Participant: 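Sharing a structure below in structure tokens format, with a few things to ask.
All values derive from a computational prediction rather than experimental measurement. Throughout, numbering of the chain's residues begins at 1 and tracks the sequence.
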Amino acid sequence: MSARIYLKVSREKSLLRKHPWIFSQAINKIKGKPMLGDTVDVYDHKEKWLARGAYSPESQIRIRVWSFNENEEIDSEFFRKKLLNAQSRREWFIEQGDLTGYRLIAGESDGLPGITIDKYDNLIVCQLLSAGADFQRYTLVEVLKELYPNCSIYERSDVDVRKKEGLEPITGWLTAPQESTACIIKEHGLSINVDIAKGHKTGFYLDQRDSRVTAGRYAKGKSVLNCFSYTGTFALHCAANDAKEVINVDVSQTALDLAKENIALNNLEDKNVSFVKADVFKLLRQYREEKRQFDMIILDPPKFVESKAQLTGACRGYKDINMLAMQLLKPNGILLTFSCSGLMEASLFQKVVADAALDARREVHFVERLQQAGDHPISSNYPEGYYLKGLVCQVS
């Protein structure tokens with residue numbers, strides 16, 4: 001029999017709205033002795049059953065809800081249904097984009113808190129970020145092996161958030177080890193090198209897929225400065241759509257080398273694509289001094305905000321870099337600017353960009369809003385799933 005968690009008076013409201021998190025302050029008492037990751041039943045103060053979730057004694061998010069159905073057990077069949085439903089919801093845009101790389105499970109947004117699963121061709125990558133996800137590792141893997149028998153499974157649970165759950169980082173094969181962790185995926189007619197062990201996140205930034213297509217639409221005939229270029233996938237779409245020039249800027253030579261490989265993989269060597277190893281902030285200031293100008297600039301920086309305490313400093317960083325970019329754009333130039341910080345709300349990000357325009361003494365019109373691709377859905381019950389914000393700006 002699972003342990004029982006009883007909530008304080010009126011602390012069940014979020015659960016009634018099907019939000020999957022229960023914070024430590026909401027708990028009144030515990031019957032039983034649940035261990036890290038154990039499945040527990042949650043009741044209101046009147047002992048009415050509310051939910052079934054995973055217990056995490058070291059996290060402020062004390063319980064992450066698996067199910068709001070009292071008759072649903074958290075077993076192989078539970079995970080099988082979740083995976084099949086998630087795959088089914090994604091089929092239309094997998095086909096539409098001719099995708100061989102996509103996010104299969106996006107944590108809470110797909111009803112599996114703390115679990116990220118990405119599929120790269122015949123490789124599957126699991127990222128288990130919560131106590132409950134870690135506890136269910138082998139059940140999950142067995143179901144994945146059943147549903148995707150031709151795939152090898154690798155774990156990339158090397159994210160700092162696991163420390164808050166009392167968990168150590170883990171990486172490695174969950175099925176028979178393969179000789180290589182590298183593969184090639186396809187998206188919208190382009191091929192991309194991915195290394196699931198060495199790449200960022202689970203190996204690649206799948207969430208920017210739609211924004212890469214958008215960048216390609218704007219790039220024809222333009223000189224493009226692609227900042228924080230990583231493996232150059234924005235540049236691929238720009239070059240494939242006949243940009244006049246694309247400059248990739250990143251602080252990592254390894255990333256730039258992969259970007260060159262991606263250009264060659266797609267037979268785009270005849271395009272005017274170059275690679276600059278530099279700190280983006282310093283290079284933008286250097287270009288400003290040199291009075292360099294571009295038709296289009298892409299700003300896709302790493303996350304600036306890890307906690308609410310960092311938000312003010314992050315706003316200054318976003319403002320500074322957007323101001324510098326605007327000062328380098330020709331009249332009516334295009335700026336694609338992004339924030340992947342979940343704590344940076346869309347309205348605040350737009351305000352920061354507007355403030356940057358004032359400091360740059362430029363006028364900005366917001367012509368498109370961008371967000372994470374459709375395989376990174378935002379559940380109506382879990383608005384925190386919305387993290388990637390993008391703006392297409394015309395700068396005059």
Side-chain angles (χ1 to χ4, degrees), residues 18-21 39 51-54 64-69 71-130 132-157 159 161 174-175 183 185-187 194 196 201-210 342 371-388:
K18 301 292 190 292
H19 193 283
W21 289 352
T39 300
R52 184 164 288 134
R64 286 176 166 83
V65 174
W66 291 123
S67 178
F68 293 96
N69 180 353
N71 298 316
E72 188 168 47
E73 296 300 324
I74 312 307
D75 54 15
S76 296
E77 184 57 26
F78 169 81
F79 288 103
R80 186 179 294 108
K81 286 181 181 178
K82 292 290 187 183
L83 288 164
L84 287 171
N85 287 339
Q87 181 71 49
S88 177
R89 285 195 299 272
R90 287 156 169 77
E91 289 294 348
W92 68 274
F93 60 79
I94 292 172
E95 182 179 351
Q96 183 186 54
D98 190 25
L99 308 179
T100 62
Y102 58 92
R103 177 148 294 181
L104 173 59
I105 294 292
E108 283 82 345
S109 295
D110 282 305
L112 291 177
I115 298 176
T116 297
I117 302 176
D118 289 337
K119 188 173 183 295
Y120 299 105
D121 194 31
N122 63 346
L123 298 176
I124 288 176
V125 184
C126 295
Q127 200 169 63
L128 308 177
L129 306 180
S130 66
D134 194 81
F135 186 83
Q136 299 288 349
R137 173 186 286 103
Y138 296 107
T139 302
L140 181 64
V141 169
E142 288 305 309
V143 176
L144 284 168
K145 285 161 64 176
E146 173 197 330
L147 296 180
Y148 301 92
N150 298 320
C151 290
S152 298
I153 306 172
Y154 191 84
E155 182 168 3
R156 276 293 301 269
S157 301
V159 183
V161 72
L174 292 169
T175 53
C183 65
I185 63 169
K186 292 185 180 297
E187 68 171 39
V194 173
I196 61 171
K201 300 179 82 172
T202 64
F204 184 58
Y205 291 98
L206 292 165
D207 52 4
Q208 282 284 35
R209 184 189 309 111
D210 295 351
Q371 65 179 48
Q372 63 229 50
D375 51 346
H376 297 61
I378 305 159
S379 168
S380 60
N381 305 321
Y382 182 69
E384 293 90 342
Y386 176 34
Y387 67 94
L388 180 59

Participant: When you measure from the side chain of Asn69 to the backbone of Asn71, do you find a donor-acceptor pair of N or O atoms at a distance under 3.5 Å?
Facilitator: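 It does hold such a pair.
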Participant: Rounded to the nearest 0.5 Å, how far apart are NZ of Lys186 and CG of Leu99?
Facilitator: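 The NZ atom of Lys186 sits 12.0 Å away from the CG atom of Leu99.
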Participant: For Leu83, run the side-chain contact (heavy atoms from CB on, under 4.5 Å) check against Ile115, Asp110, Ile117 and tell me which one passes.
Facilitator: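 So, applying the side-chain contact (heavy atoms from CB on, under 4.5 Å) to Leu83 and each of Ile115, Asp110, Ile117, only Ile117 qualifies.
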Participant: To the nearest 0.5 Å, how far apart are CG in Leu174 and CG in Leu128?
Facilitator: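 That separation rounds to 7.5 Å.
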Participant: Are Arg156 and Thr116 side-chain neighbours, meaning at least one heavy-atom pair lies under 4.5 Å?
Facilitator: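 No. Closest side-chain heavy atoms not under 4.5 Å.
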Participant: Do you know which two heavy atoms are closest between Gly111 and Lys82, and how far apart they sit?
Facilitator: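 Here Gly111 and Lys82 meet closest at O-CE, 3.7 Å.
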Participant: Is there side-chain contact between Ile74 and Phe79, with heavy atoms separated by less than 4.5 Å?
Facilitator: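 Heavy-atom side-chain distance check passes, below 4.5 Å.
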Participant: So do Phe78 and Leu112 actually touch side chain to side chain, heavy atoms under 4.5 Å?
Facilitator: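 Heavy-atom side-chain distance check passes, below 4.5 Å.
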Participant: Take a 6.0 Å sphere around CD of Glu95 and say whether it holds more than 12 heavy atoms from other residues, nucleotides or ligands.
Facilitator: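 Counting neighbours around CD of Glu95, 12 or fewer heavy atoms of other residues, nucleotides or ligands fall under 6.0 Å, so no.
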Participant: Quick one: pull up CG in Asp121 and OH in Tyr102 and give me the separation to the nearest 0.5 Å.
Facilitator: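 Reported value, rounded in 0.5 Å steps: 10.5 Å.
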Participant: Just so I know, are the side chains of Phe204 and Asp118 near enough to count as touching, which here means a heavy-atom distance under 4.5 Å?
Facilitator: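 No - every pair of side-chain heavy atoms lies 4.5 Å or more apart.
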Participant: Give the minimum heavy-atom separation between Ile153 and Cys126, together with the two atoms involved.
Facilitator: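 So the minimum-distance heavy-atom pair works out to CG2-SG, 3.9 Å.
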Participant: Could you go through Arg103 and Asp207, starting from their C-alpha distance and side-chain angles, then the distance that decides it, and tell me whether this counts as side chain to side chain contact (heavy atoms under 4.5 Å, CB included)?
Facilitator: CA-CA 8 Å; Arg103 177 148 294 181; Asp207 52 4; over 6 Å; no
Participant: Taking all heavy atoms of Val65 and all of Ala51, pick out the closest pair and write down the distance.
Facilitator: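 Residues Val65 and Ala51, closest heavy atoms: CG1-CB, 3.8 Å.
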Participant: Please find the pair of heavy atoms, one from Arg52 and one from Glu72, that lie closest to each other, and give the distance.
Facilitator: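 Reported closest heavy-atom pair: NH1-O, 2.8 Å.
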Participant: Side chain to side chain contact (heavy atoms under 4.5 Å, CB included), that's the test. Do Leu104 and Ile124 meet it? Break it down for me.
Facilitator: CA-CA 9 Å; Leu104 173 59; Ile124 288 176; 5.6 Å; no
Participant: Answer whether the closest heavy-atom distance between the side chains of Leu144 and Cys151 falls below 4.5 Å.
Facilitator: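 No, too far: nothing below the 4.5 Å cut-off.
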Participant: Between Cys183 and Tyr120, which heavy-atom pair has the shortest distance, and what is it?
Facilitator: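 Looks like SG-CB, 3.7 Å.
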Participant: State, yes or no, whether a side-chain contact exists between Thr39 and Glu73 at a heavy-atom distance under 4.5 Å.
Facilitator: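 No - every pair of side-chain heavy atoms lies 4.5 Å or more apart.
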Participant: I'd like to know whether Glu384 forms a side chain to side chain contact (heavy atoms under 4.5 Å, CB included) with Glu108, so could you lay out the CA-CA distance, the side-chain angles of the two residues, the decisive distance to 0.1 Å, and finally the verdict.
Facilitator: CA-CA 9 Å; Glu384 293 90 342; Glu108 283 82 345; over 6 Å; no
Participant: Testing Arg89, Lys119, Arg209 one by one against Asp375 for a side chain to side chain donor-acceptor pair (under 3.5 Å), which residue passes?
Facilitator: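 Of the listed residues Arg89, Lys119, Arg209, the side chain to side chain donor-acceptor pair (under 3.5 Å) partner of Asp375 is Arg209.
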Participant: Look up atom NE2 in His376 and atom CZ in Arg90, then write down how far apart they are to the nearest 0.5 Å.
Facilitator: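 It comes to 8.5 Å.
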Participant: What is the minimum heavy-atom distance between Tyr387 and Gln372, and which atoms define it?
Facilitator: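 For Tyr387 and Gln372, the tightest heavy-atom pair comes out as N-OE1, 3.2 Å.
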Participant: Are the side chains of Lys145 and Thr175 in contact, using a 4.5 Å heavy-atom criterion?
Facilitator: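 Touching, per the 4.5 Å side-chain cut-off.
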Participant: So, are Arg137 and Glu155 salt-bridged, with charged N and O less than 4.0 Å apart?
Facilitator: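 Glu155 and Arg137: salt-bridged.
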Participant: Return the CZ to CH2 distance between Arg64 and Trp66, rounded to the nearest 0.5 Å.
Facilitator: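 The CH2 atom of Trp66 is 9.5 Å from CZ of Arg64, to the nearest 0.5 Å.
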Participant: Contact between Asn122 and Asn150 at the side-chain level, heavy atoms closer than 4.5 Å - yes or no?
Facilitator: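 When only atoms from C-beta onward are counted, Asn150 and Asn122 do not touch, as no gap falls below 4.5 Å.
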Participant: How far does CD1 of Ile94 sit from CD of Gln87, to the nearest 0.5 angstrom?
Facilitator: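 The CD atom of Gln87 is 5.0 Å from CD1 of Ile94, to the nearest 0.5 Å.
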